[in-house]
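One is the number of the first residue; the rest follow in order along the sequence.
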Amino acid sequence: MGNIVLLDLAGGIALLLWGLHMVQSGILRACGADLRRVLGVALRNRFTAMLAGIGVTALLQSSTATALMTATFLGDGLVGLIPALAIMLGANVGTTLIVQVFSFDVSAVAPILLVLGVIAFKNSARTRFRDLGRVAIGLGLMLLSLHILLDTLAPAENAPNIHALLTAITSMPVLNVIFGAVLAWAAHSSVAVVLLVISLSYSNFITPIVAFALVIGANLGSAINPLIEGGGFRNPIGRRLPLGNLINRVVGCALVLPFLEPVVKTLAGIDPNPVRLIADFHTLFNVALAAIFIVPLSAFARFLEWLLPEPAASADPSMPIYLDVAAIGTPSLALTCAARETLHMGDLVETMLRQTIVALMTDDRKLVLEIESMDNAVDKLHEAIKLYVTKITRESLDDREGSRAMEVIAFAINLEHIGDIIDKNLMELATKKIKGRLSFSETGAAELQDFHRRVVENLKLALSVFISGDVKIARQLIEEKVAIREAERLAAENHLARLREGLIASVETSSLHLDILRDLKRIHSHICSVAYPVLETTGELQPSRLKALDVAAAHSTRDKLAGEPS
C-alpha cells in the first residue's frame with residue numbers, strides 16, 4: 001500500500017512540474033519579447049517596477065525567469081540596482097497568485113483547458129496560438145495533477161508507514177524550512193512545492209505549523225536557484241540581484257519562524273479552511289516582505305554594491321561575459337545573452353579598426369602586434385557565440401526566435417571576417433610599410449584617414465541596427481554602401497592623378513594605398529550585411545539590394561557618364 005502511494009505521489013508531482021514547465025515555456029515563447037518590453041518600460045522607479053514584477057511573474061509562474069530578464073537589463077547598464085530589486089519583490093508576490101487561484105475548487109476547468117489547448121496546439125497555423133495552446137495544456141495538467149495528488153493522499157491517510165515518513169521529516173520547524181528549501185531548489189519552483197504542501201495539509205498529513213514552515217522554505221529555495229546556477233553571474237554585478245533576493249528571503253524566514261504558532265492561530269480565525277489558510281499565508285508572507293523592503297531599497301542596494309564591488313577590467317578580452325548557460329532553456333533570454341556577447345565582440349572589432357589607421361600612419365610595430373592579438377580574442381569570442389547559439393537552436397524555437405538566432409550567427413561571422421581582414425591584410429600592409437620605411441603623401445594620407453573614418457562611423461551604425469532593428473538606420477547603412485563605393489572610386493582616381501604628376505611618395509606607396517582602400521571597402525561590405533535582414537522583413541529588398549537605391553544608383557551613374565568627357 002505504502003509503496004504504491006509513494007509511486008502515485010511521485011507521478012502526481014512529476015505531472016505538476018511538467019504542467020508548470022509547459023505554462024512557463026508557452027508564455028515565454030508567445031509573449032517573451034512583450035514581457036521584456038513591459039519590464040524595460042517599468043524599470044523607471046521602484047513602485048512601477050514592483051507592479052511589473054507582479055504582473056510578469058503571474059504570467060510566467062517563474063521568479064527565476066523574471067530574474068534572468070531583469071539581470072539582462074542590469075548587465076546592460078540600462079537600469080539601476082534599486083528598480084531591479086523592486087522587480088524581484090514584485091516577482092515573489094506574483095508567484096503567489098496562481099496558488100490563490102488553485103486554492104479554490106477549479107478542477108472542473110481542467111478538461112476544458114486540455115481540450116482547448118490541444119485544439120489550439122494541433123490546428124493553429126500561427127505560432128503564438130500554438131504557444132498559448134501549450135499554456136492551456138499546462139494549466140490543465142496542473143489542475144489534473146492536483147486532483148491526482150488529492151485522490152492519492154486520501155486513502156493513504158490510514159497508511160502507518162506514510163505517516164511515519166512524514167512525521168520524521170516534519171518534526172522540527174527549522175528542519176521543515178530546510179526540507180522545503182531543498183524541494184523548491186530541486187523542483188526549480190516554489191509554486192509546485194506550495195501546491196504539494198496544500199495537498200498534504202488538505203489530506204491531514206501535516207499540521208498548519210508544519211505547512212507554514214515548508215512554505216517559508218519553498219520561498220527560500222526558489223531564491224537559491226538563480227544564485228548558484230546562473231552561469232552568467234560570474235561578474236559580481238550580475239550576482240547582486242540574486243544575492244539581494246536571497247537576503248530578502250532569509251530575513252523573511254528569520255522574522256516569521258519564531259512566530260509561526262500565533263500566525264497560524266490568527267489566520268485560522270479568519271479562514272480555517274486548510275487550503276485557503278496556506279494560500280493566504282504564502283501571499284501574506286511575500287506581500288509583507290515586499291512592503292518591508294520597498295522603502296529602504298536605496299540603502300540595501302548600497303550594501304550590495306559594497307559587498308560585491310565592480311571588478312577591474314578583465315585582462316583576457318577573449319573571455320565571454322554574457323553567455324549565460326542557465327538561460328539556454330529559455331530561448332528568448334538566451335538570444336539576448338548571445339546578442340550582448342556579439343556586441344561585446346563588435347566593440348573589440350571597432351577598437352581594432354580604430355587602431356588600424358594609427359598603426360598605418362605612425363609605423364608603430366607594437367600596436368601592430370596588439371591588433372593581431374585582438375584578432376585572436378575576436379576569433380575565440382566568435383567560436384563561443386557560435387557554439388552557444390547552436391545549443392539554443394536545440395530547443396524548440398518559434399519563427400521569430402529562429403530568425404534572430406540566424407541574425408546573431410551571421411553578424412558574428414561578419415565581425416570575425418572583419419577581424420581577419422584587419423589582421424591578415426591591413427596589418428600585413430602596415431608591416432610592409434614599416435619595413436620599407438615608406439610614407440604616404442600628405443594628400444593621400446588625408447584621403448585614407450577620411451575613408452577610414454567613414455567606415456568606422458558605419459560600423460557604429462551597424463551595431464545600432466543589430467541591437468535595435470531600426471529600419472531607418474538600416475536604409476542609411478545601405479545608402480552608405482553606395483556612397484563608399486563611389487568614394488573608393490574617387491580616391492583611386494585622385495591617387496592615379498598624383499602618380500601622373502610624379503609625386504615620389506605616391507609612387508612608392510601606390511600598391512599600399514590602393515590595397516588599403518580595397519580592404520576597407522571589403523570591411524564595409526561585411527558591416528552593411530547586418531542591414532539586410534531588417535530591410536527584408538519590411539519588404540524593402542529585391543533579391544540583391546534596395547528597390548529605391550537600384551533606380552537612384554542607375555540614374556546617378558548615367559548622369560555622371562553623360563557629363564564626363566569621352
Query raised in the report: Is Asp423 close to Ile371 at the side-chain level, that is, under 4.5 Å between some pair of heavy atoms?
Result: no
Query raised in the report: Would you call Arg489-Glu493 a salt bridge at under 4.0 Å N-O?
Result: yes
Query - For the student: nearest non-hydrogen atoms of Asn245 and Ala223, plus distance - result: ND2-CB, 3.6 Å
Report task. Could you check if a side-chain atom of His524 sits within less than 4.5 angstrom of a side-chain atom of Glu480, using non-hydrogen atoms only? Result -> yes
**Report entry** Atom of Ile473, atom of Ser464 and distance for their closest heavy-atom approach
**Finding:** CD1-OG, 3.6 Å
Query raised in the report: Could you give the distance from CZ (Phe411) to OG1 (Thr342), rounded to the nearest 0.5 Å?
Result: 8.0 Å
Query raised in the report: Are Lys386 and Glu383 close enough for a salt bridge, meaning some N to O gap below 4.0 Å?
Result: yes
Query raised in the report: Are Ser298 and Arg46 close enough that a side-chain donor and a side-chain acceptor fall under 3.5 Å?
Result: yes
Requested in this report: Look up atom CE in Met88 and atom CG in Leu297, then write down how far apart they are to the nearest 0.5 Å.
Outcome: 12.5 Å
Query - Min side-chain heavy-atom separation Leu323-Leu387 under 4.5 Å - result: no
Query raised in the report: Can you check side-chain contact (heavy atoms from CB on, under 4.5 Å) on Val456 and Arg453, steps first, answer last?
Result: CA-CA 5 Å; Val456 172; Arg453 177 187 55 77; 5.8 Å; no
Query raised in the report: Hey, is Arg485 close enough to Glu488 for a salt bridge, meaning N to O under 4.0 Å?
Result: no
Report task. Go through Val530 and Asn414 one step at a time and tell me if the side-chain contact (heavy atoms from CB on, under 4.5 Å) criterion holds. Result -> CA-CA 9 Å; Val530 73; Asn414 279 290; over 6 Å; no
Query raised in the report: For the residue pair Leu348 and Ala377, what are the closest heavy atoms and their distance?
Result: CD2-CB, 3.7 Å
Query raised in the report: So how far is it from Leu461 CG to Gln476 CD, rounded to the nearest 0.5 Å?
Result: 5.0 Å
Report task. Indicate yes or no for a side-chain donor-acceptor contact from Glu341 to the backbone of Tyr322 under 3.5 Å, with no hydrogens or angles considered. Result -> yes
**Report entry** Shortest non-hydrogen contact between Leu335 and Arg404, atoms and distance
**Finding:** CD1-CB, 4.2 Å
Query - Straight-line distance of Ser439 OG to Asp363 CG, nearest 0.5 Å - result: 6.5 Å
Report task. Would you indicate whether the side-chain heavy atoms of Asp519 and Arg522 approach each other to under 4.5 Å? Result -> yes
Report task. Using atom types as modelled and distance alone, determine if a side-chain donor or acceptor of Asn494 lies under 3.5 Å from a backbone N or O of Leu490. Result -> yes
Query raised in the report: Side-chain donor-acceptor pair under 3.5 Å between Gln449 and His452, yes or no?
Result: no
Query raised in the report: Within 45° of the ring axis of Phe121 and under 6.0 Å from its six-membered ring centre, is that where the NZ or CZ of Arg130 lies?
Result: yes
Query raised in the report: Can you list the steps and then say if Leu304 with Ile247 is a side-chain contact (heavy atoms from CB on, under 4.5 Å)?
Result: CA-CA 10 Å; Leu304 291 171; Ile247 292 173; 4.1 Å; yes
**Report entry** Atom NZ of Lys424: over 12 foreign heavy atoms under 6.0 Å
**Finding:** yes
Query raised in the report: Looking at Arg354 and Glu350, does any basic side-chain N land under 4.0 Å from a carboxylate oxygen?
Result: yes
Requested in this report: Verify, without hydrogens or angle tests, whether Arg240 (side chain) and Leu81 (backbone) share a donor-acceptor contact under 3.5 angstrom.
Outcome: no
**Report entry** Ile385 CD1 to Leu415 CG distance, which is reported to the nearest 0.5 Å
**Finding:** 8.0 Å
Query raised in the report: Do Ile478 and Tyr532 come close enough that some side-chain heavy atom pair is under 4.5 Å?
Result: yes
Requested in this report: Quick one: pull up CG in Leu426 and CG in Leu512 and give me the separation to the nearest 0.5 Å.
Outcome: 10.5 Å
Query raised in the report: Does the side chain of Val135 come within less than 4.5 Å of Met22's, by heavy atoms?
Result: no
Query raised in the report: How would you list, by chain and number, every residue that makes a ring pair (Phe, Tyr, Trp, His ring centres under 6.0 Å) with His382, sequence neighbours excluded?
Result: none
**Report entry** Residue pair Leu477 / Asn458, side-chain heavy-atom distance below 4.5 Å
**Finding:** yes
Query raised in the report: Do you know which two heavy atoms are closest between Gly346 and Leu463, and how far apart they sit?
Result: CA-CD2, 4.0 Å
**Report entry** Salt-bridge present (Glu457, Lys460; N to O < 4.0 Å)
**Finding:** no
Report summary line: Closest heavy-atom pair, Val455 versus Ile523, reported as atoms and distance to 0.1 Å, is CG1-CG2, 4.0 Å
Query - Side-chain donor/acceptor of Thr362 to backbone N/O of Val358, under 3.5 Å - result: yes
Query raised in the report: Side chain of Ser529, backbone of Ser525: donor and acceptor closer than 3.5 Å?
Result: no
Query raised in the report: Are the side chain of Thr95 and the backbone of Asn92 linked by a donor-acceptor contact shorter than 3.5 Å?
Result: yes
Query - Chi angles and distances behind the side-chain contact (heavy atoms from CB on, under 4.5 Å) call for Phe451, Ile484 - result: CA-CA 8 Å; Phe451 193 86; Ile484 283 288; 3.7 Å; yes
Report summary line: For His417, the ring pair (Phe, Tyr, Trp, His ring centres under 6.0 Å) test, sequence neighbours excluded, returns His526
Query - Expected output: side-chain Lys433 to main-chain Leu360 donor-acceptor under 3.5 Å - result: yes
Query raised in the report: Any side-chain heavy atom of Cys337 within less than 4.5 Å of one from Tyr388?
Result: yes
